[in-house]
There are 2 protein chains.
Amino acid sequence: MMDEIICADCLEVLKSMPDKSVDLVLTDPPYGIDYQSAWRIDRAEWKPKIANDKEPCVAWIDDAARVLADGGSLLCFCRWDVEDAFKKAIEDADLVVRSQVIWDREGHGMGDLHAQFAPCHDIIWFATNGEYAFPGKRPESIVRSPRVGGLSLVHPNEKPIDLMRYLIGAVSNEGDTILDPFCGSGTTCVAAKILGRKYIGIEISPVYAEIARRRVEQAQYEEQLFR
Amino acid sequence: MMDEIICADCLEVLKSMPDKSVDLVLTDPPYGIDYQSAWRIDRAEWKPKIANDKEPCVAWIDDAARVLADGGSLLCFCRWDVEDAFKKAIEDADLVVRSQVIWDREGHGMGDLHAQFAPCHDIIWFATNGEYAFPGKRPESIVRSPRVGGLSLVHPNEKPIDLMRYLIGAVSNEGDTILDPFCGSGTTCVAAKILGRKYIGIEISPVYAEIARRRVEQAQYEEQLFR
DNA sequence: ACTACGGTTGAATCCTGAA
DNA sequence: GTTCAGGATTCAACCGTAG
């Protein structure tokens, strides 16, 4: 189980993984927002927190902490209105939340047009399993990286490859093993591959798992071309 | 009680203020981090600690919500590791938290040099009393503004005047009444004055209250010069 | 005017010893 | 033990001065 995209429920896969076998968990889990509700006609009444929302998806965090090596770290994307649920789950899994990192998307989404600041940032929680030290220069708490746009978008929540490269380079070492339990179109795995890290990607949707596999292959191929 | 810097405990003053008499509360309360500014052993003088900074200062929020007019709004500074305490207090006061605004300081502080992303942002909670609409163009959730530095620094946690002007301009109308229960060196009041808003500043320290009064006077004087 | 350099500082945190 | 306060330490950015 290495340098592989596994098509399965990550909760099942994580259970089968050995303790302390991963150096970095970098993932963008479902935020638990019912997107449908944002499109209600009576927009004036729409609020970020809706009572009948699905729960933020945090069940994987306990096992993610278990498979994390001593001195390993976690980077978990989320959004401001659900960040506390993720932070609490990370702390409950006995990881130390060290930083709130802001991804500056440099371009806003929609949201409530009348009463909400145009959302142009996401939160990334940075947590460590015990003692930790950056491999190189200390990164800053705001990371600027333009959002993936329009035609090149494969997955609705796709993160820019440059952002993933930056984060992986900033917090992990060459040869490290990187796990993404919600790997989607595989951006984390592609960035890991390019930077000489091992990767384990898990994706429940067969369609996206297949796309992710192809994207990693393509990256490998292109990497060889440049040698 | 208008266009005035009141030197007193804001909890006392707030109690004496009438309901729904303020359009915007813009403030930077003690974060509750027991902060010692620029502590240097090699200098005989050092800046005094902030009063009441042992735990997140949220007691004022209930009364701040009461004095807020319908359709009025609140902008409250805090830091990522105490933001949930402030958010909860704001929600408990029956305000609707609409946005998490990020102040990009464009320059980092210290923090844990080995395991923490260099902190270069603060949080600003934006909440409204019921229905709300921006007076003009919808602002973005990240506000960039260079930190006030060095010699021009009057208060240890002084916010840039440009940042305050931007926020006041973005969320309030001319002629509105703006309240800052922790006005410190008076930056909020100066910005309000310049932008043609009424202001009420409250500051517990006589030293800073006097500095704030002078800064507002100075701003008034300079404003007249430009006419 | 521009660069090189040293001094200063920041909404810190760690360590250590005392209470 | 545990908490607490004071002194120590850290680095990148910025500022002023000198070259």
Side-chain angles (χ1 to χ4, degrees), chain A residues 71 96-102 126-128 130-144 166 170-171, chain B residues 26-58 60 75-87 89 100-125 142-164 167 180-188 203-205 208:
Chain A
V96 185
V97 176
R98 303 276 189 176
S99 289
Q100 180 195 52
V101 182
I102 305 295
F126 174 66
T128 68
E131 297 283 314
Y132 174 86
F134 292 113
K137 188 168 167 273
R138 181 172 68 141
E140 293 201 340
S141 69
I142 298 191
V143 185
R144 295 169 196 94
Y166 176 77
V171 308
Chain B
L26 168 54
T27 196
D28 184 22
Y31 291 179
I33 55 178
D34 196 25
Y35 177 66
Q36 174 68 68
S37 165
W39 200 88
R40 289 283 184 284
I41 42 163
D42 50 331
R43 289 173 69 99
E45 31 115 7
W46 60 78
K47 287 157 190 160
K49 282 197 174 186
I50 303 159
N52 305 316
D53 193 30
K54 289 286 182 186
E55 48 192 74
C57 182
V58 298
W60 55 279
L75 282 166
C76 175
F77 281 79
C78 57
R79 205 174 64 173
W80 70 270
D81 54 338
V82 291
E83 64 175 337
D84 45 352
F86 285 96
K87 185 175 175 221
Q100 180 195 53
V101 182
I102 305 295
W103 171 35
D104 181 347
R105 280 190 253 133
E106 299 182 357
H108 57 76
M110 301 222 13
D112 180 337
L113 300 167
H114 300 294
Q116 189 185 37
F117 282 60
C120 64
H121 75 276
D122 280 7
I123 305 291
I124 310 166
W125 285 124
I142 297 192
V143 185
R144 298 183 67 173
S145 178
R147 197 186 51 179
V148 176
L151 298 175
S152 58
L153 200 73
V154 183
H155 191 279
N157 322 109
E158 193 173 324
K159 299 293 176 281
I161 183 81
D162 287 345
L163 174 63
M164 295 317 219
L167 292 172
D180 186 349
F182 302 91
C183 82
S185 56
T187 313
T188 302
E203 170 56 42
I204 198 165
S205 149
Y208 283 123

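Labels below follow one simple rule: chain letters A, B, ... track the order of the sequence lines, proteins then strands, and each chain is numbered from 1. If you're wondering where the values come from, they're calculated on a predicted model, not measured in any experiment.
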Assess the pair A:F134 and B:F117: is the distance between their ring centroids shorter than 6.0 Å? yes
Measure from the ring center of B:F182 to the ring center of B:F77 and say whether it is less than 6.0 Å. no
So, does B:W103 use its side chain to make a donor-acceptor pair with the main chain of B:S145 at under 3.5 Å? yes
Base, sugar-phosphate, or nothing for B:P146, non-hydrogen atoms under 4.0 angstrom? nothing
Within the structure shown, what part of the strands sits under 4.0 Å from B:K54 by heavy-atom distance: base, sugar-phosphate, or nothing? sugar-phosphate
Starting at atom [atom1] of [X], determine the distance to atom [atom2] of [N], rounded to an integer number of angstrom.
X      : N      : atom1 : atom2 : value
B:H108 : C:dA12 : NE2   : P     : 11 Å
B:E83  : C:dA11 : CD    : P     : 18 Å
B:F86  : C:dA11 : CZ    : C1'   : 11 Å
B:I33  : C:dT13 : CD1   : P     : 7 Å
B:F117 : D:dA12 : CZ    : P     : 15 Å
A:K137 : D:dC11 : NZ    : P     : 12 Å
B:M110 : C:dG10 : CE    : P     : 11 Å
B:R144 : D:dA13 : CZ    : C1'   : 15 Å

Looking only at the side chains, is there a donor atom on one of B:N157 and B:Y35 sitting less than 3.5 Å from an acceptor on the other? no
Give a yes-or-no answer on whether the side chains of B:H114 and A:E131 include a donor-acceptor pair shorter than 3.5 Å. no
So is the aromatic ring of B:Y35 stacked onto the base of C:dA12, judging by whether the centres are under 5.5 Å apart and the planes are under 30° apart? no
Could you tell me whether B:E106 atom CD has more than 12 heavy atoms of other residues or ligands within 6.0 Å of it? yes
Could you grab the distance from atom CZ of B:R147 to atom NE2 of B:H108, nearest 0.5 Å is fine? 8.5 Å
So CG of B:D81 and CZ of A:R98: to nearest 0.5 Å the spacing works out to 13.0 Å
Has B:R105 got a side-chain N or O lying under 4.0 Å from the OP1 or OP2 atom of C:dG10? no
Measuring to OP1 and OP2 of C:dT13, would you say a side-chain N or O of B:Q116 lies under 4.0 angstrom away? yes
Please name the pair of heavy atoms, one in B:I142 and one in B:D104, separated by the smallest distance, quoted to 0.1 Å. CG2-CB, 4.2 Å
Minimum heavy-atom distance B:F86-B:P30, with the two atoms named: CZ-O, 3.6 Å
Among D:dT10, D:dA13, C:dA11, which is the nearest nucleotide to the side chain of B:L113? D:dT10
Polar pair under 3.5 Å, donor/acceptor by atom type, side chain B:D53, base C:dA11: no
Map B:H114 and B:D34 onto DNA chain D by nearest heavy atom, then report which one ends up closer to the 5' terminus. B:D34
If I pick the P atom on C:dA11 and the same atom on D:dA8, what distance separates them, to the nearest angstrom? 23 Å
Under 3.5 Å, N/O pairs linking protein and nucleotides 14-18 of chain C:
residue : atom : partner : partner atom : Å
C:dC14  : OP1  : B:D112  : OD2          : 3.4

Quick one: the dot-bracket string of DNA chain C, using Watson-Crick and G-U wobble pairs with both distances under 3.5 Å, [ ] for crossing pairs and | for bases paired to another strand. .|||||||||.||||||||
